[in-house]
J.: 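Before I ask anything, let me first share the structure, which is written out below as C-alpha cells.
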Amino acid sequence: MTAALLCFLLAAPLLLVAGSPVHNSNNGTVPLVLWHGMGDSCCNPLSMGAIKKMIEEKISGIYVISLMVGKNVVQVSMVCSQLAQDPKLKGGYNAMGFSQGGQFLRAVAQRCPSPPMKNLISVGGQHQGVYGLPKCPGESSHICDMIRKALNNGAYTDLVQKHLVQAQYWHDPLNEDLYMKHSLFLADINQERAVNETYRKNLQLLEKFVMVKFLQESVVDPVDTEWFGFLKSGQAKETETLQESALYKEDRLGLAAMDKEGKLAFLSSEGDHLQFTREWFTANLLPYLH
C-alpha cells in the first residue's frame, strides 16, 4: 500500500495559471496571486474558481492569477520564474495562500523579492509545519500516534523530501535534530539551520503578513501553526505561541520586528479548515487586497 501511495504522489511538477481575462494596468488596483491548498486546483468552480470570481466581482478590474502547482519542491522556483515574467506584476502584487499555499507563498516572499509582494494573506497555512494527519489529531488517538511515528521513519529520507510535498513541512518535535538536518523546505525557510539575512530582509519588505486560524480545525495539527505557533520541543502535547518561540525571541525571520511595526495580523474564523462565509471573507480579507 505504501508503494502504491508513493507512486500516486510522486507526480511530475506542473504549473498552470488561470488569469483574469481583462486587466487595465492603470485602474489603480493591485494584482493578486492565489495559491491553492492540497487536493485542490486553480480553477475548481466550487473552491478556488469561486473565490477568484468573487474577488473579481468585488474589486472591479483586478488582475488575479490562480496557480496550480505539482507535487515537487521545485514548485516555489517555478512560481518565482512565472511571476517574474509577468509584466502585469512589475509594480507589485498581493498574495493569498490557502492551507499549504500559505507557507509556499511565504517562501516566494523570502526567496524572490522581485516583483515585490505587498501583502501576504495566509488562510489556514502551516508555518511551523504539521505533526498530525487530516482528521486524525495524534494526541487523542493511539492509532494516530502509531501512524505518525511510522511516517517519521520515512518523512526525512532524501527521496520523500524531494518528491512528496507534505513531507516538506512535516515537523517532528520529538526529533528536532532530524528535522533540522533533513527538512529541505520548512527548516530552510524558517531559518532552523542558519540565519539567511536575505530571507529576513525580504520578509520584512511585506506591508502586512496576515494569518488566519480556524477555530474548529480538524485537518491541521496542531492548529497553532496557522498563527506560526507549534508544539513545544521534545514532546507532542503542549503548544506555544509564535511570541513564545525561539524563532520569535531570536528574531531569526524578522517576525518580532514586524510585530512591533504592526505588520502582523492574526485573524480567526469559526468553522473547520478553509470553511468561511462570503460575508466573513469580504469583511476580514478583502480590505487587504485594495
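Sequence positions, counted from 1, serve as the residue numbers for this chain. Below, each value reflects all heavy atoms present in this structure, side chains not excepted, and no hydrogens, waters or symmetry copies.
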J.: For a 4.5 angstrom cut-off between non-hydrogen side-chain atoms, does Y93 reach P115?
T.: yes

J.: Counting distance only, does the side-chain N/O of Q191 pair as donor-acceptor with the main-chain N or O of N196 below 3.5 Å?
T.: yes

J.: What is the ring orientation for F228 with H127, classed by angle as parallel under 30°, tilted 30 to 60°, or perpendicular over 60°?
T.: parallel

J.: Answer whether the closest heavy-atom distance between the side chains of L286 and F281 falls below 4.5 Å.
T.: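 They are in side-chain contact.
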
J.: From L178 CG over to Y156 OH, what is the distance, rounded to the nearest 0.5 angstrom?
T.: 6.5 Å

J.: Are I59 and F276 co-members of a hydrophobic cluster defined by side-chain heavy atoms under 4.5 Å apart?
T.: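 Same cluster.
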
J.: Within 45° of the ring axis of F209 and under 6.0 Å from its six-membered ring centre, is that where the NZ or CZ of K263 lies?
T.: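 No, K263 does not lie over the aromatic ring of F209.
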
J.: Are M54 and L274 in one and the same hydrophobic cluster, where Ile, Leu, Val, Met, Phe, Trp and Tyr link if side-chain heavy atoms are under 4.5 Å apart?
T.: yes

J.: What are the two closest non-hydrogen atoms of A107 and F185, and how far apart are they?
T.: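 That would be CB-CE1, 3.6 Å.
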
J.: Does M117 reach the side chain of V108, with side-chain heavy atoms less than 4.5 Å apart?
T.: yes

J.: Do I55 and V123 belong to the same hydrophobic cluster, where Ile, Leu, Val, Met, Phe, Trp and Tyr are linked whenever their side-chain heavy atoms lie under 4.5 Å apart, directly or via other members?
T.: yes

J.: Identify whether the distance between the nearest side-chain nitrogen and carboxylate oxygen of D224 and K213 falls below 4.0 Å.
T.: no

J.: Evaluate the criterion side chain to side chain donor-acceptor pair (under 3.5 Å) for residue pair Q161 and T157; output intermediate values, then yes/no.
T.: CA-CA 6 Å; Q161 279 289 308; T157 62; over 6 Å; no

J.: Is K181 salt-bridged to E176, cutoff N-O under 4.0 Å?
T.: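 Here K181 does not pair with E176 in a salt bridge, since their nearest N and O are not under 4.0 Å apart.
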
J.: Do any N or O atoms from the side chain of Q235 and from the backbone of K232 form a donor-acceptor pair under 3.5 angstrom?
T.: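 Yes; at least one donor-acceptor contact below 3.5 Å.
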
J.: Does a side-chain heavy-atom distance below 4.5 Å link W35 with Q75?
T.: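 With C-beta onward as the side chain, the pair touches.
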
J.: Stepwise, does the side chain to side chain contact (heavy atoms under 4.5 Å, CB included) test hold for L67 with H36?
T.: CA-CA 7 Å; L67 304 168; H36 65 81; 5.7 Å; no

J.: Using the side-chain hydrogen bond (donor to acceptor under 3.5 Å, both in side chains) criterion, which residues pair with Y288? Sequence neighbours excluded.
T.: none

J.: Say whether, by atom type as modelled, one donor and one acceptor occur between the side chain of N284 and the main chain of W280 under 3.5 angstrom.
T.: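 At least one qualifying donor-acceptor pair exists.
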
J.: Is V64 close to E56 at the side-chain level, that is, under 4.5 Å between some pair of heavy atoms?
T.: yes

J.: Can you check whether R106 reaches L203 side chain to side chain, under 4.5 Å on heavy atoms?
T.: yes

J.: Which residues satisfy the side-chain contact (heavy atoms from CB on, under 4.5 Å) test with A187, sequence neighbours excluded?
T.: Y179, S183, E192, R193

J.: Taking S81 for its side chain and S77 for its backbone only, find out whether a donor-acceptor pair lies under 3.5 Å.
T.: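 No; judged by distance alone, with no hydrogens or angles, the pair does not exist.
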
J.: Please assess I121 against N94 for the test side chain to side chain contact (heavy atoms under 4.5 Å, CB included), listing each intermediate value before the final yes or no.
T.: CA-CA 8 Å; I121 303 171; N94 292 321; 6.0 Å; no

J.: Checking I189 against L253 for the side chain to side chain contact (heavy atoms under 4.5 Å, CB included) test, could you report, in this order, the C-alpha distance in whole Å, the side-chain angles of both residues, the deciding distance, and whether it holds?
T.: CA-CA 9 Å; I189 66 165; L253 267 177; over 6 Å; no

J.: Enter the distance from K208:NZ to E261:CD here, rounded to the nearest 0.5 Å.
T.: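 Separation between the atoms: 10.5 Å.
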
J.: Over all heavy atoms of both residues, which pair between A95 and L105 is shortest? Give the atoms and the distance, please.
T.: CB-CD1, 3.9 Å

J.: Can you tell me how far the CG atom of L289 sits from the OG1 atom of T29, to the nearest 0.5 Å?
T.: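 Answer for the CG-OG1 pair, L289 versus T29, is 10.5 Å.
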
J.: Would you call the rings of H171 and F230 parallel, tilted or perpendicular, where under 30° means parallel and over 60° means perpendicular?
T.: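 If you compare the ring of H171 with that of F230, the planes turn out parallel.
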
J.: Would you call L34 and M48 a side-chain contact if the rule is heavy atoms closer than 4.5 Å?
T.: yes

J.: Report whether V223 and M211 are members of the same hydrophobic cluster (ILVMFWY, side-chain heavy atoms less than 4.5 Å apart, transitive linking).
T.: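 Different hydrophobic clusters.
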
J.: Parallel, tilted or perpendicular for F266 and W227, by the 30°/60° rule?
T.: perpendicular

J.: Specify the closest pair of heavy atoms between P173 and L231, including all atoms of both residues, with the distance to one decimal.
T.: CG-CD1, 3.8 Å

J.: Donor-acceptor pair, T225 side chain versus Q128 backbone, under 3.5 Å?
T.: yes

J.: Would you give the length of the straight line joining atom CG of L83 to atom CE of M78, rounded to the nearest 0.5 angstrom?
T.: 11.5 Å

J.: Quick one: does L206's side chain get under 4.5 Å of N119's, heavy atoms only?
T.: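 They are not in contact (no side-chain heavy atoms under 4.5 Å apart), so the answer is no.
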
J.: Strictly under 6.0 Å, is that where the ring centroids of Y131 and W170 end up?
T.: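 Yes.
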
J.: Dump the intermediate steps for side chain to side chain contact (heavy atoms under 4.5 Å, CB included) on Y63 and L32, then the final yes or no.
T.: CA-CA 6 Å; Y63 177 57; L32 175 64; over 6 Å; no

J.: Is the shortest distance from a Lys or Arg side-chain nitrogen in D188 or R111 to a carboxylate oxygen in the other one below 4.0 Å?
T.: yes

J.: Could you report the tightest heavy-atom contact between V220 and G124, atom names first, then the distance?
T.: CG2-O, 4.3 Å

J.: As an exercise, state the distance from OG of S269 to CD of E226, rounded to the nearest 0.5 Å.
T.: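 The distance works out to 10.0 Å.
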
J.: Backbone N or O of F98 within a donor-acceptor pair of the Q100 side chain at under 3.5 Å?
T.: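 Judged by distance alone, no pair lies under 3.5 Å.
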
J.: If you group Ile, Leu, Val, Met, Phe, Trp and Tyr by side-chain heavy-atom gaps below 4.5 Å, do Y248 and Y199 land in one group?
T.: no

J.: With sequence neighbours excluded, tell me which residues meet salt bridge (charged side-chain N to carboxylate O under 4.0 Å, His left out) with K118.
T.: none

J.: Mind checking side-chain contact (heavy atoms from CB on, under 4.5 Å) for A246 and listing every partner two or more places apart, or none if nothing turns up?
T.: E250, R252

J.: The criterion is side-chain contact (heavy atoms from CB on, under 4.5 Å); which residues satisfy it with E270, sequence neighbours excluded?
T.: L215, Q216

J.: Can you measure from CG (L285) to NZ (K58) and round to the nearest 0.5 angstrom?
T.: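 The CG atom of L285 sits 12.5 Å away from the NZ atom of K58.
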
J.: Looking at residues at least two apart in the chain, or sitting in another chain, which of them share a side-chain hydrogen bond (donor to acceptor under 3.5 Å, both in side chains) with E217?
T.: H273

J.: If every non-hydrogen atom of A155 is compared with every non-hydrogen atom of A167, which pair is closest and at what distance?
T.: O-CB, 3.8 Å

J.: Evaluate the side chain to side chain donor-acceptor pair (under 3.5 Å) criterion for residues Q103 and S122: first the C-alpha distance (whole Å), next the side-chain angles of each, then the deciding distance (0.1 Å), finally the verdict.
T.: CA-CA 7 Å; Q103 59 263 33; S122 169; 5.7 Å; no

J.: If you take all heavy atoms of G92 and P31, which pair is closest and at what distance?
T.: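 Closest pair (atom of G92, atom of P31, distance): O-CD, 3.5 Å.
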
